[in-house]
Structure formats: C-alpha cells, structure tokens
Chemist: 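Please see the structure below; I have some questions.
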There are 2 protein chains.
Amino acid sequence: MLSKKTKYAFHALTYLGKHRDQGAILIQEISEKYGISHKFLENILLELKKAGFLGSKKGKGGGYYLIKDPTEIPLSRVIRLLDGPIALLPCVSLNYYEPCEECENQEQCGLNKVMIRVRDETLKILEMKTLQDILEEE
Amino acid sequence: MLSKKTKYAFHALTYLGKHRDQGAILIQEISEKYGISHKFLENILLELKKAGFLGSKKGKGGGYYLIKDPTEIPLSRVIRLLDGPIALLPCVSLNYYEPCEECENQEQCGLNKVMIRVRDETLKILEMKTLQDILEEE
DNA sequence: AATAAGTCTATAAATTTTGTAGGTTTTGTA
DNA sequence: TACAAAACCTACAAAATTTATAGACTTATT
C-alpha cells in the first residue's frame, strides 16, 4: 500500500496542478484542504521541490508552485521518491535492488520470475500515467 | 514490498511442495534451511494451516505437510493471508476495502482510476500463478 | 512415563511511518 | 530599515507495524 506521505504528495501535486495559474500557493491552503498536518506536508513539499517538481518562493506572498509540466511527472517517480521501491521484492527492484537474504541464488528462484512480471506490468501503467492524467480525470 | 512473513511463507510452501512425498516435515528443518527463526516460522505455518493449505501432525514423527494441490494455491491468496491487501490504495482493494480518509468522493479521484488498473494487472498475474508454477521454475 | 513435536496467547524488541518543535533564512512592505 | 510572513532545515518524539521471543499446553509415539 502507498504510504500517507505518497498520497499526500499526490494530493498536493494535484492541487498545485489545478491552480497553476494562481502563482504561489501556501502550504497552509493545501494542508487545510486535505486535512494534512502543516508540518508534515512541509517536509513532503520540500522533497518534491528537491526532486525538481516544485518551485517555491519565500516570504510574504510566497508559497509553492508546479515547475514541471504535468505530462512530465509520471506517477512512478512520485511513488519512488516518497515510498521507495515499487517492486514487491528487493531482488526485483530496478531502482532499489538488493538480493534477498534467504535466497541462495535468485536465478533459480521461482518467485523472482513472477515478481519481475508483476513489476513490469505495474510499471507499464505507472510510468505511462502522469500527473496530467490525474488532472484530466478530476 | 512483501513482508518477511510472506516471503517466509512462500519459502515454506515451496519446500513442503518439493518434499511432498516425504510425509511430515519438521518446522526446524525449514527454519534451518532458510535461516528463519523457529518460533517466527511456527506462527506462519500455523496461519497457513488454518487457511487450509497445510496439514500437521503432533508428537514424535510429526511436522507439516501440504494438503492442497499446488495448482490450487494462487500466490494472491498467500499474499493476502500474510500481508493483507494487494492493492496500492485502500479504496481500490477488493478484499480489504476502505475509503480514503482525505478523499471527498472517490468517484472523481484520478488516482483511484489508475490504481484500479494497477490492481487488475497485478491480480491477473498473482491469481493465475500458483505454487505449482513456482515449483516448476525451481 | 518420557519425550518429541505442534498449538496457543501474550509480550517484547526492532523498525518504519507519521507527526512535532523550534530555530534560520528569505522576501515583501510599511 | 524594521517587521512580519513564509519557506527551509535539522533533530527529535510518538505511534503504528513488523519481527521475534517466551512459556505453558496439547497430542502422539515409543
């Protein structure tokens, strides 16, 4: 399951996407809208900024705004940033690969093969679908 | 990611599947083979038994054995039993459905739609692939 | 009777996730 | 130029979940 952090990130991105024409948006505005703790959301927005999705402005009249085009924010990138691996096993993760401790050799692990398929099918969707698609749905 | 519990369950099932002709197998034998704590594995095997996958025999010469045909143990059932929901959002889970707290109405939630697709593609694989497939791979 | 195994319930330890505190920096504006 | 508003940053705390352990109980075999 996606963590709250990731869900909140999607809410924030969606909100900022919808209000792109309105300049900088206060953390407060988003946190109130979705009932997210201000401070928690602060951390999340900061991560999204560091990842290059958002821009920000300090001081009075400041806030956050989307700097990437929504078509260039695949859902997979947001999930990986906040939640980590998308794969169901570490030995199958493209971005966070680790061998499974208990497995002697993953070449002959039956689970490994299935989970590669699951990963690939999942990624097909999560890499193709972007924030733009979310915005269009709502 | 799958929990250790689930991974251990798959290891145990695979081991029991491979040694189906050898009667009851000791917890100890499996726990040593994969380096799993005896007591932890105990709990897992008990759950698998209660779910109808395994049988057991107490006392000397006792142990666990597979009672279901491996073709009738889809991976999805094992995951759901030990790990819970397969879906990435509660509002999209077939077996553990819950509405998302922050969502006003999930009908117009863009994430919801995508996650239904991810769930369906994942389930296509995890419901079709069974313990039998794992055994054949190894 | 003794021993070997699984059964059961409760609890503890470790880890991860979620949330909070409080000071720092930047910027607009009076 | 001083003040206030807002993001920035680091560290910590609380809560929840996962992983692991303890120990007494039951059942079967010899």
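Lettering of chains follows the sequences in order, A, B, ..., and the numbering in each one begins at 1.
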Chemist: Could you state the interatomic distance from CD (A:Glu98) to CG (A:Leu89), rounded to the nearest 0.5 Å?
Modeler: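 Nearest 0.5 Å value for the CD-CG distance: 12.0 Å.
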Chemist: Given B:Leu2, which partner from the list B:Val78, B:Ile86, B:Ile79 fulfils the side chain to side chain contact (heavy atoms under 4.5 Å, CB included) test?
Modeler: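 That would be B:Ile79; it is the only one of B:Val78, B:Ile86, B:Ile79 passing the side chain to side chain contact (heavy atoms under 4.5 Å, CB included) with B:Leu2.
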Chemist: Is a salt bridge present between A:Lys124 and B:Glu121, judged by a nitrogen-to-oxygen distance below 4.0 Å?
Modeler: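 Here A:Lys124 does not pair with B:Glu121 in a salt bridge, since their nearest N and O are not under 4.0 Å apart.
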Chemist: Under the ring-ring contact (aromatic ring centres under 6.0 Å, His included) definition, can you give me all pairs with a residue in residues 10-32 of chain B, not counting sequence neighbours?
Modeler: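 The answer is B:His11-B:Tyr34, B:Tyr15-B:His19.
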Chemist: Distance-only check: which donor-acceptor pairs under 3.5 Å involve side-chain atoms of residues 43-60 of chain B, not counting sequence neighbours?
Modeler:
from    : atom 1 : to      : atom 2 : distance (Å)
B:Glu47 : OE2    : B:Lys5  : NZ     : 3.3
B:Lys49 : NZ     : B:Ser56 : OG     : 3.1

Chemist: What does the inter-axis angle of the helix from C:dA1-D:dT30 to C:dA30-D:dT1 come out as, five pairs per end, nearest 10 degrees?
Modeler: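 That helix gives 0° between its end axes.
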Chemist: Can you sort out the partners of A:Glu32 under side chain to side chain contact (heavy atoms under 4.5 Å, CB included), two or more places apart, ordered by chain and number?
Modeler: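 Side chain to side chain contact (heavy atoms under 4.5 Å, CB included) list for A:Glu32, sorted by chain: A:Gln28.
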Chemist: Starting from P on C:dT16, measure out to CZ on A:Phe40 and report it in whole angstrom.
Modeler: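 The distance from CZ of A:Phe40 to P of C:dT16 comes to 16 Å, rounded to the nearest Å.
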Chemist: Would you say D:dT19 has OP1 or OP2 under 4.0 Å from some side-chain N or O of B:Ser37?
Modeler: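 B:Ser37 to D:dT19 OP1/OP2: no side-chain N or O under 4.0 Å.
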Chemist: In whole angstrom, give the distance that lies between atom CD of B:Glu101 and atom C1' of C:dT18.
Modeler: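 It is 12 Å, rounded to the nearest whole Å.
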Chemist: For nucleotides 4-12 of chain C, give me one character per nucleotide, 5' to 3': B if any protein heavy atom sits under 4.0 Å from the base, S if the only such contacts are to the sugar-phosphate, - if neither.
Modeler: BBSBB----
Chemist: Who are the side chain to side chain contact (heavy atoms under 4.5 Å, CB included) partners of A:Ile116, not counting sequence neighbours?
Modeler: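 A:Ile116 satisfies side chain to side chain contact (heavy atoms under 4.5 Å, CB included) with A:Val92, A:Asn112, A:Arg119, A:Asp120 only.
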Chemist: Provide, to the nearest angstrom, the distance between the NZ atom belonging to B:Lys4 and the P atom belonging to C:dT15.
Modeler: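 Taking atom P of C:dT15 as the reference, NZ of B:Lys4 is at 9 Å.
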Chemist: Would you jot down, in residue-number order, the residues of residues 79-98 of chain A having a non-hydrogen atom under 4.0 Å from DNA chain D?
Modeler: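 The answer is none.
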Chemist: Round to the nearest Å and state the distance from A:Met1 atom CE to C:dT17 atom C1'.
Modeler: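 Atom CE in A:Met1 sits about 14 Å away from atom C1' in C:dT17.
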Chemist: How long is the span from the CG atom in A:Leu131 to the NZ atom in A:Lys18, to the nearest 0.5 Å?
Modeler: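 It is 10.5 Å, given to the nearest 0.5 Å.
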Chemist: Taking CD from A:Glu29 and C1' from D:dA7, how many angstroms apart are they, rounded to a whole number?
Modeler: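 About 15 Å, once rounded to whole Å.
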Chemist: Who passes side chain to side chain contact (heavy atoms under 4.5 Å, CB included) against A:Asp21, sequence neighbours left out?
Modeler: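 With sequence neighbours excluded, A:Asp21 shows a side chain to side chain contact (heavy atoms under 4.5 Å, CB included) to no residue whatsoever.
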Chemist: Which of residues 6-19 of chain B sit near DNA chain D, with a heavy atom under 4.0 Å from it?
Modeler: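 DNA chain D contact set from residues 6-19 of chain B: B:Tyr8.
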Chemist: With side-chain contact (heavy atoms from CB on, under 4.5 Å) as the criterion, how do B:Glu137 and B:Lys129 come out once you've worked through the C-alpha distance, each side chain's angles and the decisive distance to 0.1 Å?
Modeler: CA-CA 11 Å; B:Glu137 286 285 356; B:Lys129 290 287 184 180; 5.6 Å; no
Chemist: Can you list everything that forms a side-chain hydrogen bond (donor to acceptor under 3.5 Å, both in side chains) with A:Glu127? Sequence neighbours excluded, please.
Modeler: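 By the side-chain hydrogen bond (donor to acceptor under 3.5 Å, both in side chains) rule, A:Glu127 matches no residue at all.
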Chemist: For B:Leu2 and D:dT19, give me the distance from atom CG to atom P, rounded to whole Å.
Modeler: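 Nearest whole value for this atom pair: 10 Å.
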Chemist: Just jot down the side chain to side chain contact (heavy atoms under 4.5 Å, CB included) partners of A:Ser93, sequence neighbours excluded, or say none.
Modeler: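 Side chain to side chain contact (heavy atoms under 4.5 Å, CB included) list for A:Ser93, sorted by chain: A:Pro85, A:Ala87, A:Tyr96.
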Chemist: Between side-chain atoms of residues 70-77 of chain A and protein atoms elsewhere (two or more places apart, or another chain), which donor-acceptor pairs fall under 3.5 Å?
Modeler:
from    : atom 1 : to       : atom 2 : distance (Å)
A:Thr71 : OG1    : A:Asp69  : OD1    : 2.6
A:Ser76 : OG     : A:Leu126 : O      : 3.4

